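A quick write-up on the structure given underneath.
Note that this is a predicted model, so its numbers are computed, not measured. Labels below follow one simple rule: chain letters A, B, ... track the order of the sequence lines, proteins then strands, and each chain is numbered from 1.
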Protein chains: 2
Amino acid sequence: EFEKTIQAKKDSKGVAFDTELTARDLKELVEDYKKIIKDAKGTSFPEDPREQLRMSIDAVFGSWNNKRATAYRNLHDIPHNIGTAVNVQTMVFGNMGQTSGTGVAFTRDPSTGEDLLYGEYLINAQGEDVVAGIRTPQPIAKLEKEMPENFKLLIDIRNKLEDHYKDMQDLEFTIQEDVLYMLQTRTGKRTAAAALQIAVDMVDQGFIDIKTAVTRVEPQMLDQLLHKQLDKKAKEKTKVLTKGLPASPGAALGKVVFDADDAVEEAKNGNVILVRTETSPEDIQGMAVAQGILTARGGMTSHAAVVARGMGKCCVAGAEDIKVFEKKQYFQVNGTQVKKGDWITLDGSTGEVFTGQIPVVDPEIDENFETFMSWVNDFKRLGIRTNADTPKDSEVALGFGAEGIGLCRTEHMFFEGERIKSVRKMIVSSNEDERRKALMELLPMQRKDFYEIFKVMKGLPVTIRLLDPPLHEFLPTEEEDIMEIAKEMGMTFDELKSTITSLHEMNPMLGHRGCRLSITYPEIAEMQARAIFEAAADLTKEGYDVQPEVMVPLVGSLMEIKILKEKIISVADEVMNEKNLKFAYKIGTMIEVPRACLIADKIATEAEFFSFGTNDLTQMAYGFSRDDSGKFLPDYIEQGILAKDPFATLDIGGVGQLMKMGLEKGRKSREDLKVGICGEHGGDPKSIEFCHKIGMDYVSASPYRIPVARLAAAQAAITEESGQE
Amino acid sequence: EFEKTIQAKKDSKGVAFDTELTARDLKELVEDYKKIIKDAKGTSFPEDPREQLRMSIDAVFGSWNNKRATAYRNLHDIPHNIGTAVNVQTMVFGNMGQTSGTGVAFTRDPSTGEDLLYGEYLINAQGEDVVAGIRTPQPIAKLEKEMPENFKLLIDIRNKLEDHYKDMQDLEFTIQEDVLYMLQTRTGKRTAAAALQIAVDMVDQGFIDIKTAVTRVEPQMLDQLLHKQLDKKAKEKTKVLTKGLPASPGAALGKVVFDADDAVEEAKNGNVILVRTETSPEDIQGMAVAQGILTARGGMTSHAAVVARGMGKCCVAGAEDIKVFEKKQYFQVNGTQVKKGDWITLDGSTGEVFTGQIPVVDPEIDENFETFMSWVNDFKRLGIRTNADTPKDSEVALGFGAEGIGLCRTEHMFFEGERIKSVRKMIVSSNEDERRKALMELLPMQRKDFYEIFKVMKGLPVTIRLLDPPLHEFLPTEEEDIMEIAKEMGMTFDELKSTITSLHEMNPMLGHRGCRLSITYPEIAEMQARAIFEAAADLTKEGYDVQPEVMVPLVGSLMEIKILKEKIISVADEVMNEKNLKFAYKIGTMIEVPRACLIADKIATEAEFFSFGTNDLTQMAYGFSRDDSGKFLPDYIEQGILAKDPFATLDIGGVGQLMKMGLEKGRKSREDLKVGICGEHGGDPKSIEFCHKIGMDYVSASPYRIPVARLAAAQAAITEESGQE
């Protein structure tokens, strides 16, 4: 109502800005405003300044109980009875002529961290004018010439504030007729580069100790330093085509392709972006060669997102407005058609998609990064492992400081090169003998996988998860692929099609997968255990240290782990006998169905370690399919039903309770139970803090999240020590 | 080894039975046996009878720790330290000539319950001979003539035993040279009809009081009396074609049809059995007219199973060996092809499927049933409600003693007749206005549904669940149906197909369903609430009592129920204003995702009642899709990993923990929180006992399970009172 009235006044005067209204205009406006208030409230606007002040104060206090604030506190578990405060300040005026002015400043450069006062000011202006952009503010350095006394004073205050707060400050000031007034100071926001520079400088300058410095960089920020970024200015000028989830950070540009084979082919001639409705393990090769991945479906833990993060590759997932026509080789979004070969650019840190090419800035890991990260390990208690499926990933992770592998998925290995043929042979086998024969073909390849990973990891623990996904994921889905593969396998189309149909599941996430596969087909677990132990034996013989940890996925009953543990032990015994040597190993389980948390005391009588699979645990605790929740999760977050995507940040109130229960029950049965987390939350700072608090032994994150995880773990320990929440 | 040796001996003598061997043969055999023992154990078989006895006793005690017994105790949570007992008896011989004999008897007729000694005996025989079937035993009545003294003695003993045990006994006796020895007595197994007859008689005869009588009939048995049964003898002679899950009890025979429309058509000419790979809501009409339903996929809580139980209709689900070719109109199983129009017979109580026709025996609810059931209500504390979606179901349930509706699903209503068209119009709507228009078409029909149900229920509480299934369930899946329906709706095939594709979900069970639908499309909940409240208002005006309870499904966050409760209340207020009257109502939620149990204290600040949806809770706690678990659950049960199908009997150790937690947390926030269960477990005796124990207010079961539930509830209360476990 007020806005409408002032706009009408401005329109009638033919002016654009509030400041262009005359005193008379304003007087008239005040009368209009008073009328609005009287119409609405029934009483006149009070003339007594004390009464006005009291009402203003009441309004601020009253805001504590408005709907938005209440909902916000509910969501964030903030008690309703802690209250708020009101500051009452005398007004000062920067618009009282040429000896007055106003400005904002940072005590250090918030982009680079450089140690000098950085900011802008305007003579004869109020704060609003600096922001409104009517007049161009002057760089703060110029104030030294215009008002040398006040500039000196400002520098003194800057030094005093830094000395007091021991951190870079964001200041607002006003000069009224040559007198400098400080309006506000608060800790200043900064880029990742600046945060590191400031932290390192402040240690050098003796402002803070190393421990404090470690708390001064938000873990999430390190991502900016480890991934390509879009050129900011070029990006600002480009219209966003659509938005998806920021599934894997970084930036990528390339020509669009719609299938994995095309990606491999086209990548020979330049950058490609793989665009799919959703990806599946069949797309791995294409994802590996693409600069970035864009999917129309799937959430933060969809296949595309998980694999891309593992590869440290930019990915935008679940861009729901896009319709992808893979066969016709184009996608449609908001009226735009993007064809194969067209250029697009992705921002994996924001989820934005652009047509055309936006320049990309390479990441730089500088000296500050090295110095800062070297401090971190002294404070953290949590071990930091990595999720890695290949020797290459393992090496990257080691470089970032990983202390072991927390999750080595074996299914991706099943897709590589020729071995997918043996895998498919195994699946279509009609009896155990055939199945064992096909598995024997896989054995040497799996052994080599593990041999190489163990070797890279130089005696650090390596947790290998037995085959997890439902078998139908290894079979083709498109008619033409079925035709081709049937031919390759010497089957008829109908035979293969019928196997595929019989393996079809309504809800594969809740289907025949995880340890259920090994219960039905123990020979799969036996082959994998043999591959692990033969690799361990070979390396032991060569004088290497190996620490294999065999992880049984999706356990929900004591008997599952009991039966499979017995099998795995007997394979280990066999291998030790055959090779005539001994090696150490552990057998544990992934805790990822809610029931496993409820009966963790029983499971721990068999399992030597727990690793929380929080992706599945979140799916099942909420009943949210990670592949389908894109349809309603955005609504949920917009409406404030959920504060955050629970697949990105652990749902402490729900899933966290299950984890705490699982950990406590587990340790009750087995005091030295090793407990970790290998879900995607293992790389999320808030989640890591929770893992620290409940007493986990380690978190496991994808290689490019390792620095983030290390820093988050250190900060969690420091926070706990200091007794803060 | 022993068996092999005796078989060899018999073969060499050309005889068929052990008793045909001569004393010399047996002597030789003893030597052979001794040799086997010496070979195996290294020591000779002891000649000292005391030593032999001691070893026998040790063997029995030792059996306590064998693998099977240990596994059994683990599964059933029986402590390992309670031990077992050994009875030592002098041997008596029934084969010492014509004054000797042996027999088995029941103190009352185990088939009918008639109050007379019932059994068989053989002169000059050992117990084994009665069972072996070499000679035909004599009916016990004949003993009165052959050995009048001993018969009289037997009758005396029979009376003494009944007087002592106050129950029908199953006896074994031997007469050695005219002296009667009782070998064993134990409580006798009986049919349902006999159990009722005996219970009622024994009360009449003063043996037991009514409370004891109520504990004498297994609740599960009542099913036999409420459903058609296959003629036992005819069934025994027929070869089983295949076996599925006993999804809904009873028997059915009819001609096979493969789709719902055919079922409706063919049912006009006689009985049909609807055979489908799996059913979906589209099949409801066909299921309604069929005698029975057979599906190749799905578990105890699959769509087919749930709907069939609700209809009191025989169903065999998840017969995994069957391949159904709906289009080609036949199914294939174990080499047999069954075509449309062929007769098959189903036994829904065992899951057996037969080709051809087996005569069916109609159920008879006799006076004993009425008497017995009239006793039950005095003991139970739990309320018994029903799951019913139609006035007809509601009436059936009332007849069986239901005290309200615990679950009225609204989705089935969406399929009836013309309304599916409006539902589809709503789904394909591109904006809220269109959606509201389509919903307004549904409003009068939904209002009528509720009006009629409320009227039938005569003021008893009726819990109505808001729309739950994902919207794609209302759209066609087959190309030809899509073509037809697109035409009907004035859309192109591609348009409709594209809507269907966009609604496709990878894991619909964890997808966009339940209250998530109403969060995204609040107008759906609003229409349903309006239909409920307008019906309530109309009936109130007509002087009827109504108790609507609006149930929000699939709640996992406080804000979900909070937002929807507000909407529902505002609809109720509107309706009361419009109609100018007041009516009472409650708003509550279904607790069916694990997270809801974990944050039940928060949810209960809004929800006025909880109803545990244990089907979904079981699915999500275990991570078992009820539609897919048929692939591995049988293996799990066979290998002893699970003692029972957790969809049939509540998993007390896991899902039960979640329920207990949910109930306790809920009541902490809201002392008078009404708590019930409406999953399929609400009709399972073991599960009902658990519900009683944790202090629930009511269970809700399908109409034909109401007597079972009432009896189970009474027994649970009696057990608790008596302090037994």
Side-chain angles (χ1 to χ4, degrees), chain A residues 71 74-75 278 297-298 320 323 470 498 501-514 516-517 519-520 554 556-560 562-563 592-596 598-599 602 616 619-629 631-632 635-636 639-642 651 653-655 657-658, chain B residues 71 74-75 278 297-298 323 470 498 501-514 516-517 519-520 554 556-560 562-563 592-596 598-599 602 616 619-629 631-632 635-636 639-642 651 653-658:
Chain A
N74 279 335
L75 268 177
E278 49 210 338
R297 296 231 191 93
E320 293 271 339
K323 284 200 179 172
S498 144
T501 306
S502 77
L503 287 173
H504 169 80
E505 292 182 311
M506 296 283 285
N507 296 286
M509 197 56 73
L510 308 175
H512 196 187
R513 50 176 285 241
R516 299 164 197 170
L517 289 173
I519 292 289
T520 328
L554 216 71
S557 311
L558 171 61
M559 293 295 282
E560 286 171 331
K562 199 176 158 83
I563 290 172
E592 49 188 336
V593 305
R595 193 175 191 272
L598 296 163
I599 62 156
K602 291 190 183 155
D616 272 342
Q619 291 196 89
M620 293 178 204
Y622 270 103
F624 286 170
S625 157
R626 68 184 193 189
D627 299 305
D628 305 309
S629 57
K631 289 214 173 63
F632 53 87
D635 261 344
Y636 265 55
Q639 294 191 37
I641 296 172
L642 296 175
D651 158 43
V655 178
Q657 273 196 62
L658 279 175
Chain B
N74 278 338
L75 266 179
E278 51 208 336
R297 295 231 190 92
K323 282 202 180 169
S498 145
T501 307
S502 77
L503 287 173
H504 169 80
E505 294 183 309
M506 296 283 285
N507 296 285
M509 198 57 74
L510 308 176
H512 197 187
R513 52 175 286 240
R516 298 163 199 170
L517 288 174
I519 292 289
T520 328
L554 216 69
S557 312
L558 170 61
M559 292 296 282
E560 286 171 330
K562 197 176 159 83
I563 289 173
E592 50 189 336
V593 305
R595 193 175 191 271
L598 297 164
I599 62 155
K602 291 189 184 155
D616 272 340
Q619 292 196 90
M620 294 177 203
Y622 271 104
F624 285 171
S625 158
R626 68 186 193 187
D627 299 304
D628 306 309
S629 56
K631 291 214 170 65
F632 53 87
D635 260 346
Y636 265 55
Q639 293 191 39
I641 296 172
L642 295 176
D651 158 43
V655 178
Q657 271 195 65
L658 278 176

Contact leader toward chain A among B/Gly654, B/Gly511, B/Pro594, where contacts are heavy-atom pairs under 4.5 Å
B/Pro594
As an exercise: rank A/Gly653, A/Ser557, A/Pro508, A/Ser629 by heavy-atom pairs under 4.5 Å with chain B and give me the winner.
A/Pro508
Do A/Gln619 side-chain atoms and B/Leu510 backbone N/O form a donor-acceptor pair below 3.5 Å?
no
Determine yes or no for a side-chain-to-main-chain donor-acceptor pair under 3.5 angstrom, with B/Asn507 supplying the side chain and A/Met509 the backbone.
yes
Measure the CD-CZ distance between A/Glu505 and B/Arg297 for me, rounded to the nearest 0.5 Å.
9.5 Å
Verify whether one side chain among A/Thr501 and B/Lys323 offers a donor that lies under 3.5 Å from an acceptor in the other.
no
Please classify the contact between A/Glu278 and chain B as side chain, backbone, both or neither, with a heavy-atom cut-off of under 4.5 Å.
side chain
Please rank A/Gly623, A/Gly514, A/Gly556 by heavy-atom pairs under 4.5 Å with chain B and give me the top one.
A/Gly623
Most heavy-atom pairs under 4.5 Å with chain B, out of A/Arg516, A/His512, A/Lys631, belong to A/Arg516
Out of curiosity, A/Asp628 CG to B/Leu503 CG, how far, rounded to the nearest 0.5 Å?
11.0 Å
Max heavy-atom pairs within cutoff under 4.5 Å with chain B, candidates A/Gln639, A/Met506, A/Lys602, goes to A/Met506
Looking at B/Asp627, B/Leu554, B/Val655, which makes the most heavy-atom pairs under 4.5 Å with chain A?
B/Asp627
Specify which of A/Asp635, A/Ile563, A/Asp651 makes the most heavy-atom pairs with chain B at under 4.5 Å.
A/Asp651
